[in-house]
Structure formats: C-alpha cells, structure tokens
Amino acid sequence: MTVDPPLAARLGSLAVTLAPPDDPAALGGALLSQARATAATGDLAGALRLVEGALDTSPGPDIRLAATVLRADLADRLGAGVPAMARLAGEHSTTVDRLRPRLSVSLGRLAARHGRWDDLNPLVPALKVATGVETDRPLVAVARTTLAARATAHGCTDAAASELRAAEALVDAMSDRALAGCLDVPEWLAWVQGVVLEKEGALRHVTRAVALAREHGQVHVLPGLLAGQARIAAGSGRLDEAVRVALEAEQAGRSIGARPAVTIALTYRAMALLWHAGPQAAAPVGEEAVREARHDPMLHDTAVAVLSHIRFAQGRHAEARHLTGTLVEAGREQLRRRDLQPKWLAGHAEFLLAGGLVEEAYAWSQRAEAAAAALGLEIRRAEAHLATAHVLFARQDPVGALAAARHAIRLFAGRQANLSLGQAHLAVAGCLDALREPGPAREHIHLARVIAERTPSAWLRQQVVNAQRRQGAGQRRWAVVAGPDLTQAEHRVAVLVAEGLTNRAVAMRLYVTERTVEAHLTRVYRKLGVSSRATLAALLRDAGGAVRPGGTQATW
C-alpha cells in the first residue's frame, strides 16, 4: 500500500467483494484495508465511509480498535477533530484491557492537538503504560510526544524535553520503509517540537516525512506535513521557504478537503509575508486564514493573533488591540494554546503602547512576564522581556528598558528566532542612544542589519533603516527613498503624538474626533515606515526637520 495506494485501493475493493458475508472479521478487515489505501490516495471522505462500514460489520476488538483510531484521524484531518474525540472517548470504556493503551494514545494525541488538557489529564497513566510497549515503536513515540505536549502546557519544560528526546530516538531508529507506513508519527513529533521551539529537530523530522510521503504516495498526510514545515520555516525566519511551502500545503489541503492543514498554511504564509513583503501583502492572506479557521477554536486563535500583528503593522492599532483583547480576556489563560498565551499578552502590551496607553501597557507586559515564567519556555520569556523593554522606554526609563532588552537578546540567541533577535538589538540600540552611548548603539544596529541582510525581511530592514536615520548613518549604510510627503493634518497629528499626547488629547487639541486622529496616525506610520509612538517621536526628533508637510521629503 505504501508503494502504490491507488493499486492497493483497487485490490482492497476486490478483497471486500470476495470476503465471506457471514464472516464479520474478514469483511471488516477487508474494508479497513481498503479504507487505509483510499485515504492514502487523498480521498479522505471515501475512506471515512469505508471505515464506518468496517465498524458496522461488528468485527473483533482488534479490527474495531484499528478502525476507530483511523476514523478519528480522518475526521481530524477533515476538520472534525472535536466530534471525533467524543466518539473515540465513547469507545474507551468498552475496549478490552489489552487494547486500552493504544486507544488512550490516540485519544490523548487528539486532545493535545486541540488543547483540551482536561480531557488529556485522566489518560496520563495509560500513556505512561504505553511507553513501555517495546514492541511497538510508533505507539511509544506518539505516547511520549503527547506526554511532552502536556508537560509543556503545564510548564514542565525539562520533562517535555526528556520525553521528546526519547521519542526522537525512536523515530530516528526506524527505517524509511517502516516510517512510511506511519507518517503521522513524525508529523506529530515535529508539531510538538515546533511548539517547544526545538526547530532544528522539528524541521529534520518533517522534511524526512515529506520526502517519504512523496515517494510512497501518502497523499493524505502530505498537507499536514507541508503545513508543519511552513510553520517551522516561518518561525525560523526562512521566509522564502515558508511562503513557497505554505502555498503547496494550501493547494494539497484543498485538493483533499483537509481544512485544518489549509488554515495552518494560510496562517503561516500570512506571517511570513508580513515579515517578507509587508502588511499589505499579508493582510488578505491573514483575513482568509481567520475565515477558514472559524470552525476550529484553536486554529482560529492563532490566525487571529497573526492578523492582529498585520493590523498593527498597517497602523490599524485600535483593531489590533481589539483582536488581541479577544485572546487575552479574563479566563482565557485556562483555555487554548497555553504555549502562546505569553506571546499574545506581550503583543497586547505592544498594541496598547502604540495607542499611548503606557501604564496599561506596562500592566499587560508584566502579565506576559509572569505567564512566560510560569510556562518555562525561554523564547516566550524573551518576547515578554522585549515588550517590557519597549514599555519601559516609553515610560522614560532607558536603564530598565536596556536591562530587559539585553535579557531578551540572551534568550533569543541560538534559538532560531533571528527576526525577534533583530528587534531586540534595535531596542538595545535605542536605549543606548537615549543614554548618550552612540558607539555601542551603532554596534547593535549593525548586528540587526546583519540579521536583516541574512533574512529576507523587508520589515526588519525598514526598522534598521529607521534606527540608522536616528544615528545619522543612513547614507553610509543603505540608500532609502522616503515615502510620500505628510499632509498638513498628518504632520500636526504626528508632532503632537511625538510630544507624548494620547489620541484623545490630540483630538481635543485639534478639535477632531479620535477616529480622525487614528486615521491620520495610521497614514503617518505607513508613510514613514514606523509602527510605534516611541519610534515616531525619535524619528521626528532626529530628522531635524527632514520630515515635513507639503514639501520635498529628504532622501536618506
């Protein structure tokens, strides 16, 4: 079946016709084999119907278990994972004892995949039992990976790392031929490795699995594997690869109706496009990702988070705050994607800061710090520290901001988080510049520039340009043509915002509405290539009149 799934499906159909009608085990087994082969061809709906037929034959416990597990996997790939969990849980109480660990592993993986930790917790004893089934490497690898996902969600990062190392060793020991028959195992391993940010291992396993899926014609797993590869590439700053692979994952997912894979592909293509080409290119993809994810709460949250950053980069700060507000509202910490909660809290703080709500932003950045510390993932602590650095700088505390930004650099370094590391270097440079240490500030700008040149990120490149402008070094580094002139109204808003006024205060000063101020500010950010009030203030201060209304704007 792993060599020629269409042929295997035809042979399975023949076996079904030849199976004795009075032998439920034979008929159920034949239908199950045909279902597996049909799934491998990409006909997930057809395979699901065959599995239901196999279960209707009242087969023995072994065939029933295998069919039940396959039914849950197919339903999850089609976007009905939560209902599949309910049906799988219903089988749990009736399964014979010797098969219960296998069913628990399947149910546990599905629960972890959807962030339903309360459903997973009672299964932990059975998962631990399954790790001792030495004769079934794929089962043990999935059990250990699922335990790693749970440990991560509960902040036990050392335990998670230990389980992942054991699972990785099992997968690495499997031959290509053996692994080709169970590609969902490296798919799940790579997913969890990506969550805990072990990106090198995740990329290695998912790349191997993609190659095997192509070689052996396993069409049903290819969209999920490609979507996982795009997710890891985007998070690692491999933007060209992320965009290319995400497009392929989306097309493969649509061709077989694998909606979750399509949603993941759209979400991470939007993220990569934001860094690579800017918010205007990313916006329609991010909006489509949110629409596709509306039936999956967990994927929906991630898509909304990415869209919030796109809106922020577009200068639509109020909308960005609203989007992250839906993710961090009271009680949500106990729900989906605990691994991403610190990131969302930090983003919300940044968006509040952009709206001039400095003290409120500080409170949220501290919540991000606390959530990241409880989780134990260093990359999340780094993101929280970076948000705190930006807030402290806006509070006119460059010393505190410098300490937080330097801490972020230490945590980002060596974790394949180059884009965030570049941002942290620019934050340190801004603090040093404010402390009248231009030499060290230039060194950090240079480090950010090196990252921007190594990573095809137009967004990070523009931030480096802005920092170099403030250092008066733009002509010696990159030649950048400034954007369109500011109108008189935009310039007035920009000057007042740079003086530290909130949007409401600016509106009262100019006798306009807050919405008008926000609209002007959005255009100012877009024209000048900035995304925060602090950066705008520094740019206007250091431009020495080069940014002005109605005239010719300077070329840097």
Side-chain angles (χ1 to χ4, degrees), residues 312-318 320-321 349-365 387-402 405 426-427 429-436 438 441 462-463 465-472 474 482-554 556:
F312 179 68
Q314 288 179 304
R316 296 163 63 171
H317 294 163
R321 290 194 298 274
E350 296 269 17
F351 302 160
L352 288 165
L353 182 61
L357 304 170
V358 179
E359 295 308 313
E360 192 174 346
Y362 179 72
W364 283 94
S365 74
T388 296
H390 291 152
V391 175
L392 289 175
F393 189 82
R395 293 178 96 199
Q396 300 182 354
D397 179 8
V399 174
L402 180 61
L426 292 177
C431 295
L432 290 170
D433 194 36
L435 294 169
R436 302 293 188 268
Q462 184 61 57
Q463 301 312 303
V465 167
N466 292 339
Q468 290 176 336
R469 286 172 174 172
R470 295 193 294 273
Q471 284 283 322
D485 295 336
L486 301 184
T487 66
Q488 292 283 350
E490 290 165 357
H491 188 263
R492 284 194 294 269
V493 168
V495 169
L496 292 174
V497 166
E499 290 176 358
L501 275 66
T502 65
N503 288 0
R504 176 172 294 184
V506 173
M508 294 176 66
R509 181 79 64 88
L510 298 179
Y511 300 100
V512 296
T513 66
E514 282 189 67
R515 181 173 295 181
T516 298
V517 171
E518 178 126 7
H520 285 320
L521 193 57
T522 295
R523 289 190 288 272
V524 169
Y525 284 151
R526 190 175 301 142
K527 289 180 179 182
L528 299 185
V530 300
S531 58
S532 73
R533 299 167 100 87
T535 307
L536 174 62
L539 182 60
L540 292 184
R541 181 188 69 236
D542 297 329
V547 180
R548 57 186 182 273
T552 302
Q553 210 171 12
W556 302 87

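No hydrogens, no waters, no symmetry mates; every other heavy atom, side chains included, goes into these values.
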Only pairs at least two apart or in different chains count here, so list each salt bridge (charged side-chain N to carboxylate O under 4.0 Å, His left out) that has a residue in residues 509-518. Arg504-Glu514
At their closest point, which heavy atom of Ala361 faces which heavy atom of Leu353, and how far apart are they? CB-N, 3.7 Å
Ignoring hydrogens, what is the shortest heavy-atom contact between Arg395 and Val358? Give both atom names and the distance. CG-CG1, 3.3 Å
Looking at Gln396, I'd like to know if its CD atom is crowded, meaning that more than 12 non-hydrogen atoms belonging to other residues, nucleotides or ligands lie closer than 6.0 Å. no
Please report the interatomic distance CE(Met508) to OG1(Thr513), rounded to the nearest 0.5 Å. 13.5 Å
Within the distance-only criterion (no hydrogens, no angle test), does the side chain of Thr522 pair as donor or acceptor with the backbone N or O of Gly315 below 3.5 angstrom? yes
Quick one, Leu352 and Arg321 - any side-chain contact, counting heavy atoms below 4.5 Å? yes
Please list, chain by chain and in numerical order, all residues satisfying ring pair (Phe, Tyr, Trp, His ring centres under 6.0 Å) with Phe393, sequence neighbours excluded. none
Please name the pair of heavy atoms, one in Tyr362 and one in Leu392, separated by the smallest distance, quoted to 0.1 Å. CE1-CD2, 3.8 Å
Just how far is it from atom CG of Leu521 to atom OG1 of Thr516, taken to the nearest 0.5 Å? 12.5 Å
To the nearest 0.5 Å, what is the distance between OG1 on Thr388 and CG on Asp397? 11.0 Å
Counterpart residues, side-chain contact (heavy atoms from CB on, under 4.5 Å), relative to Leu402 (two or more places apart): Arg406, Val428, Cys431, Leu432, Leu435
Which pair of non-hydrogen atoms, one from Ala405 and one from Ala389, has the smallest distance, and what is that distance? N-CB, 3.7 Å
Starting at NE2 of His520, measure out to CG of Leu510 and round the result to the nearest 0.5 Å. 8.0 Å
So which heavy atom on Glu350 is nearest to which on Ala387, and how close? OE2-CA, 3.4 Å
Nearest non-hydrogen partners of Ala320 and Phe312, listed with the distance: CB-N, 3.8 Å
Pick one: which of Val495, Val517, Val493, Val506 meets side chain to side chain contact (heavy atoms under 4.5 Å, CB included) with Leu501? Val506
